[in-house]
Amino acid sequence: MTSVAEIRKTFLEYFKRQGHEIVRSSPLVPQNDPTLMFANSGMVQFKNVFTGQEKRSYTRATTAQKCVRAGGKHNDLENVGYTARHLTFFEMLGNFSFGDYFKSDAIPFAWELLTKDFGLDPKRLCVTVYHDDDEAAAIWKKITGFGDDKIIRIPTMDNFWMMGDTGPCGPCSEIFFDHGDKIAGGPPGSPDQDGDRYVEIWNNVFMQFESLPDGTRTKLPKPSIDTGMGLERMATVLQGKHDVFSIDLLRISSAPKSL
Ligand code: SER
């Protein structure tokens, strides 16, 4: 069985090999950001790096970020306990480019890691792109050979990621795993998309804008990448389960005997 610890390590080491700095998770409560109560994704600690206000010694980073989505724009609380995939606390694995690489590298990285290092069967995968993102759709087509039925164009804000009412944002491309027809649910964009059959395992955001408090958007200094893979969801897939509460991290039976 592939443990949560092995998945986290495989992800971080894959991106280290691609020239990314492994950066520690930031604390759950953001240090210098009055717009958020809790970190809701891996990009939060890098908000000012995307906007150009802060410089780091690296332009590529990878993290395993502690997250809570319990309010604001990304609130999962209503779903916890009702679906097989939502948690109050979770870890998000991410790779980030601060004005370094963009879509034509981010998409092949994601595909290689999923299908080679993690060994997922491409037949069980499908992807979404923002409806007018012909460039991302063309890259996916080239590297996967998928037809239009598996590169699904979504015209809603489901495929335009924003950290909150303000902050970095951009169109995104989500990767879904199909748990099979024993589980109720339909592909993204279909009337049954909210079921647990097709589960989003990874979101690749093509960061290009910053939303400002007056509701307008400006361009970021350079196009950038922000991705987020649900660690516990990947564990669900790789451990052959469909219910996130069945993974090694959350089963009482996997706790040390002394507990
Ligand atoms: N910020 C994006 C998300 O949370 C990708 O990390 O989905």
Side-chain angles (χ1 to χ4, degrees), residues 7-8 11-12 14-15 20 22-26 28 30 33 35-51 60-77 79-80 83 85-98 100-103 105-107 109-111 113-114 127-130 133 136 152 154 156-177 188 193 198-211 217 220 223-234 244:
I7 297 167
R8 192 190 292 109
F11 186 99
L12 296 175
Y14 173 84
F15 282 105
H20 295 61
I22 300 180
V23 177
R24 280 174 66 100
S25 170
S26 65
L28 205 49
D33 192 341
T35 70
L36 280 182
M37 191 172 290
F38 297 115
N40 63 11
S41 88
M43 58 75 62
V44 169
Q45 67 165 311
F46 301 118
K47 178 180 176 182
N48 294 338
V49 187
F50 283 114
T51 59
R60 299 177 175 206
T62 183
T63 63
Q65 174 66 46
K66 305 173 179 78
C67 296
V68 163
R69 291 190 167 180
K73 209 168 199 64
H74 301 281
N75 184 359
D76 285 344
L77 275 191
N79 295 318
V80 176
T83 75
R85 63 189 190 277
H86 287 99
L87 294 169
T88 43
F89 170 86
F90 65 99
E91 274 183 75
M92 185 179 282
L93 300 170
N95 57 292
F96 307 91
S97 152
F98 310 115
D100 187 319
Y101 63 88
F102 199 43
K103 295 177 199 181
D105 288 306
I107 292 174
F109 284 160
W111 187 247
L113 178 56
L114 285 177
V127 302
T128 61
V129 295
Y130 195 51
D133 194 347
I152 302 165
I154 302 283
T156 66
M157 292 304 278
D158 281 350
N159 273 70
F160 193 96
W161 201 85
M162 305 174 75
M163 79 177 264
D165 291 331
T166 58
C169 58
C172 62
S173 178
E174 299 184 321
I175 304 168
F176 288 76
F177 181 83
Q193 65 173 0
Y198 291 84
V199 172
E200 180 208 339
I201 50 173
W202 200 352
N203 187 15
N204 277 237
V205 185
F206 310 126
M207 287 290 194
Q208 289 157 83
F209 310 103
E210 180 182 3
S211 289
R217 276 186 202 148
L220 291 182
S224 294
I225 291 291
D226 152 35
T227 89
M229 171 190 283
L231 172 62
E232 297 81 359
R233 290 188 184 184
M234 262 310 272
V244 71

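For ligands, and for the atoms within them, numbers begin at 1 and follow the listed sequence. Here the structure is a predicted model, which is why all the values come from computation and not from measurement. Note: hydrogens, waters and symmetry copies are ignored here, and every other heavy atom, side chains too, is used.
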List in chain and number order the residues that pass side chain to side chain donor-acceptor pair (under 3.5 Å) with Thr166, two or more places apart in sequence or in another chain; answer none if no residue qualifies.
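Thr166: no side chain to side chain donor-acceptor pair (under 3.5 Å) contacts found.
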Tell me every residue that passes side chain to side chain donor-acceptor pair (under 3.5 Å) with Asp133, counting only those two or more places apart in sequence or in another chain.
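With sequence neighbours excluded, Asp133 shows a side chain to side chain donor-acceptor pair (under 3.5 Å) to Lys103, given in chain and number order.
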Partners passing ring-ring contact (aromatic ring centres under 6.0 Å, His included) against Phe98 (at least two apart in sequence or in another chain):
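Phe98: ring-ring contact (aromatic ring centres under 6.0 Å, His included) contacts with Phe46, Phe50.
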Quick check: are there more than 12 heavy atoms from other residues, nucleotides or ligands sitting under 6.0 Å from CE of Met157?
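For Met157, atom CE is crowded (more than 12 foreign heavy atoms under 6.0 Å).
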Of all the heavy-atom pairs spanning Thr51 and Pro168, show the shortest one and how long it is.
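Scanning both residues completely, I find the closest heavy atoms to be CG2-CG, 4.1 Å.
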Can you tell me how far apart OG (Ser97) and CG (Asp226) are? Round to the nearest 0.5 Å.
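Ser97 OG to Asp226 CG: 10.5 Å, rounded to 0.5 Å.
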At less than 4.0 angstrom from any atom of ligand 1, which residues have a non-hydrogen atom? List them by chain and residue number.
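Lining ligand 1 at under 4.0 Å, by heavy atoms, one finds Ser41, Met43, Arg69, Met92, Trp161, Asn203, Val205, Asp226, Thr227, Gly228.
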